[in-house]
Amino acid sequence: MRASVRRPLFAAASFALSALALTACESGEGTREEGAASQGAASQPAEAAARPSPSTGQGGQAGQGGQAGKPDRPAGSAASAGKGTGGTSAGQAGKGGTGGTGGQGGAGHGSSSADSDPYAPANRVPCTADNTEIIATPVSRPLNHMLLTITNTGSKMCDLKGYPIVKFDDAQSVPPVMEGTKPQAVTSLAPGGKGYAGVILSAGDGSGGEGRTAQSLRIGFEGGGGMAEAALQAKGVHIDDSLRVTYWVSSSTDALN
């Protein structure tokens, strides 16, 4: 009778022990899994911090595009704040490069402006019969004087060197220049600009001889350049041996004085 009672109790105790052991095993595996998961989660931020973020490279591109310093993560993240600073530096570097390119463009623009500037030395030409027009006008004061007015009809600056080579009618010689009228610098005419020279036609006291009346006038240029016709008044002008000319100057007052 006692043997029969012990067997069921032993079997029940063995079943209970087996159930407890199985529960403990399951609980241990769950703990290990949770521990592994926690370690994995803890290692992910470290790995993410160790790996170079693509946004760091994009910061330089953003600087070139004009969107520098925008972090890819919230401002509360230390890594994101660092990336934003990198983007700003890269953006400033990009802008500096662009500024250099603009300087080259400015240089090109300066060259183009010089080519179109009529005052640039490279664009100046001599004044000749082809790019000027001359008018001869007798004046009442001073007596027996005539004013030559020359106009630059060309599109470039022209230099009016020396003095006019004056030839009345078919004269073989030309009147001398008055050295005291020489300007300090060569007279230059911009397009449309005017220059002047004075001509002493005759002596008022008769010391220049009998003289004669001239009906035509041609003006030459120092260094060549042809002869330009300058129309005279219908009755002509009286000239004698005291004929003199001044240098080309920029003022009509200087030409007549």
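Every heavy atom of this structure was used, including side-chain atoms; hydrogens, water molecules and symmetry mates were not.
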Flag, side chain of N257 to backbone of T253, donor-acceptor distance under 3.5 Å: yes

By side chain to side chain contact (heavy atoms under 4.5 Å, CB included) - contacts of L201 (at least two apart): M146, F168, V199, V237, I239, L243

Side-chain touch H238/R212, heavy atoms, less than 4.5 angstrom: no

Side chain proximity check, E179 to Y247, heavy atoms < 4.5 angstrom: yes

Within-4.5 Å side-chain heavy-atom neighbours: N152 and C127: no

Other residues, nucleotides, ligands: >12 heavy atoms within 6.0 Å of D205 CG: yes

Donor-acceptor contact below 3.5 Å, side chain D169 vs main chain S216: yes

V249 side chain reached by Y163 side chain, heavy atoms, under 4.5 Å: no

Nearest non-hydrogen partners of G220 and M227, listed with the distance: CA-SD, 3.3 Å

Within one Ile-Leu-Val-Met-Phe-Trp-Tyr cluster: I134 and Y196, side-chain cutoff 4.5 Å: no

L232-I150 co-clustered via ILVMFWY side chain contacts under 4.5 Å: yes

S242 side-chain N/O to A203 backbone N/O, donor-acceptor pair under 3.5 Å: yes

S207 side, atom OG; D241 side, atom CG - distance, nearest 0.5 Å: 9.5 Å

Cut-off 3.5 Å, no hydrogens considered: what does the side-chain donor-acceptor table look like for residues 182-195, sequence neighbours left out?
unit_1: T187; atom_1: OG1; unit_2: W248; atom_2: O; d: 3.0
unit_1: S188; atom_1: OG; unit_2: R124; atom_2: NH1; d: 3.3
unit_1: S188; atom_1: OG; unit_2: D159; atom_2: OD1; d: 2.6
unit_1: K194; atom_1: NZ; unit_2: T151; atom_2: OG1; d: 3.0

Side-chain heavy-atom pair T246, L148 within 4.5 angstrom cut-off: no

Joint cluster assignment, V177 & F221, ILVMFWY side-chain distance < 4.5 Å: yes

Minimum-distance pair of heavy atoms, taken over all atoms of L143 and R141: CD2-NH1, 3.4 Å

Check: Q233 and P138 side chains under 4.5 Å, non-hydrogen atoms: yes

side-chain contact (heavy atoms from CB on, under 4.5 Å) between K156 and N131, intermediate numbers included: CA-CA 9 Å; K156 295 183 177 181; N131 58 11; over 6 Å; no

Minimum-distance pair of heavy atoms, taken over all atoms of P164 and V245: O-CG2, 4.0 Å

Side-chain heavy-atom pair K167, I219 within 4.5 angstrom cut-off: no

Polar side-chain atom of Q215 near backbone of T213 as donor-acceptor pair, under 3.5 Å: no

Between CG on residue N123 and OG on residue S155, distance to nearest 0.5 Å: 9.5 Å

